[in-house]
Amino acid sequence: MSKSMKFLNITALIALILVMIIISQTGGNVFPSWNDVLESAGVAREAEKSTELDDGITAYYFDVGQGDSALYVCDGHAMLVDSGEKEYSGEVTNKIESLGITTLDYVVMTHAHSDHIGGMPTILKKFKIGHVVMGKPSTQAGTSSSYLSTLTVVTSIGADVIKAEPGTSFSLGRANVEILAPFNTDEDDENNNSIVLYITFGKMSYLAMGDAEKKEEKDIEDNYPELSASVIKIGHHGSSTSSSGTFINYVSPSTAVISVGANNQYSHPSKETLDTLDKYGVHYYRTDECGEIIIRSDGSSYTIATQKNGG
């Protein structure tokens, strides 16, 4: 008898023994499936390890007060976009860890204002980092303590840095992420230096605007005439300087997310922005009212859940 035949016979015998053991444990009323036999033998099939992180794409818009932080997860791969202020770094870290995530494949810093990157140094040191996506800051923002602290950590952990340039794209599991902007880095205008991302998965699309204002919105309109999005993360916390009627009509989203702090000193979101969203039939969710906002999609349709009222 060949060695391969002996191996097959031994394997079959072991399987038979396991079958008999499982039957005896269930009183002879249940005949085990092959999965039961594998489980009894301590063998975990890869397909059985699936979690919600492996099912489609999910966007988590964290409630970080008057700041921005969002996590996009597809097929077990994760991309963090901004961190909020330093005081929220622990909360953001805990949220990510609660999902069982230990590696951030991509970390995107949309621009150098502290309400977007203040918590980055702590977060970058907490997780294994694949790539950091960042652009050139304006003169003033580039000398801020938030930016310099973050840059120091990026250098110390040896992360691969991707320079934000329009047209650059990369995969997040089965999803595609494209950098749409900025086109012209402005030495004096950090908001319009924001990295704008377009994330697509099947028929689903998310547009993440950072703090982009009307100038950068116009750049996007001029360069991507066919752009549309299912969900838009509104630019600059709903400020009147962003989300022009022309841009919202052009993108034609069904849903908008506004990351904003309760009773903030800037009166964000502005009535003008909310009126624009209402005019074009865009249903919006605010982190100051909803807490964390979670939007899941299988690539065809999507569902929305919120921390404070369930959706």
Can you list the residues that meet the side chain to side chain contact (heavy atoms under 4.5 Å, CB included) rule with Ala181, with sequence neighbours excluded? Phe183, Val196, Glu216, Ile220

Using the test side chain to side chain contact (heavy atoms under 4.5 Å, CB included), find all partners of Lys86 that sit at least two apart in sequence or belong to another chain. none

Suppose we screen for side chain to side chain contact (heavy atoms under 4.5 Å, CB included). Which residues come up paired with Ser254, at least two apart in sequence or across chains? Tyr302

Test side chain to side chain contact (heavy atoms under 4.5 Å, CB included) applied to Ser83 - qualifying residues, sequence neighbours left out: Met120, Ile123

So does Asp222 have more than 12 non-hydrogen atoms from other groups sitting under 6.0 Å from CG? yes

Non-hydrogen side-chain atoms of Thr102 and Lys128 separated by less than 4.5 Å: no

Side chains of Val231 and Ile304 in contact at under 4.5 Å (non-hydrogen atoms): no

Determine whether a donor-acceptor pair (N or O, by modelled atom type, separation under 3.5 Å) exists between the side chain of Ser242 and the backbone of Ala212. yes

Sequence neighbours excluded, the answer for salt bridge (Lys or Arg N to Asp or Glu O under 4.0 Å) partners of Asp186 is none

Listed pairs under 3.5 Å, donor-acceptor, residues 162-172 side chains, sequence neighbours left out:
{"unit_1": "Thr168", "atom_1": "OG1", "unit_2": "Glu165", "atom_2": "O", "d": "3.0"}

Enumerate the side-chain hydrogen bond (donor to acceptor under 3.5 Å, both in side chains) contacts for residues 132-150, please, sequence neighbours excluded, ordered by first and then second residue. Ser138-Glu190

Spell out, as yes or no, whether a donor-acceptor pair under 3.5 Å connects the side chain of Thr276 to the backbone of Gly245. no

Ring pair (Phe, Tyr, Trp, His ring centres under 6.0 Å) partners of His116, counting only residues at least two apart: His111, His237

CG (Leu104) and CD1 (Ile129) are apart, to the nearest 0.5 Å, by 4.5 Å

Evaluate the side-chain proximity of Phe127 to Thr93: yes if any heavy-atom separation is below 4.5 Å, no if none is. yes

Quick one: ring pair (Phe, Tyr, Trp, His ring centres under 6.0 Å) partners of Tyr266, sequence neighbours excluded? His268

Is there a donor-acceptor contact under 3.5 Å linking the side chains of Thr241 and Glu213? yes

Glu187, CD atom: more than 12 neighbouring heavy atoms under 6.0 Å: no

Side-chain donor or acceptor of Asp298 paired with backbone N/O of Ser301 under 3.5 Å: yes

Would you call Asn192 and Asp219 a side-chain contact if the rule is heavy atoms closer than 4.5 Å? no

The ring pair (Phe, Tyr, Trp, His ring centres under 6.0 Å) partners of Phe247 (sequence neighbours excluded) come to Tyr250

Around atom NZ of Lys214, are there more than 12 heavy atoms of other residues, nucleotides or ligands at under 6.0 Å? yes

Glu85 side-chain N/O to Val64 backbone N/O, donor-acceptor pair under 3.5 Å: no

I'd like to know if the side chain of Asp105 and the backbone of Ala78 have a donor-acceptor N/O pair within less than 3.5 Å. yes

Do any side-chain atoms of residues 197-206 form donor-acceptor pairs under 3.5 angstrom with protein atoms, and if so which ones, sequence neighbours left out?
{"unit_1": "Tyr198", "atom_1": "OH", "unit_2": "Ser228", "atom_2": "O", "d": "2.6"}
{"unit_1": "Ser205", "atom_1": "OG", "unit_2": "Ser230", "atom_2": "N", "d": "3.0"}
{"unit_1": "Ser205", "atom_1": "OG", "unit_2": "Ser230", "atom_2": "OG", "d": "3.4"}
{"unit_1": "Tyr206", "atom_1": "OH", "unit_2": "Ile295", "atom_2": "O", "d": "3.0"}

Taking Thr58 for the side chain and Arg296 for the main chain, is one N or O donor matched with an acceptor at less than 3.5 Å? no

Have Ser270 and Thr273 got a donor and an acceptor in their side chains that come within less than 3.5 Å? yes

Which atoms form the tightest heavy-atom contact between Asp82 and Ser69, and what is the distance? O-OG, 2.9 Å

Any residue meeting salt bridge (Lys or Arg N to Asp or Glu O under 4.0 Å) with Glu292, in chain and number order, not counting sequence neighbours: Lys95

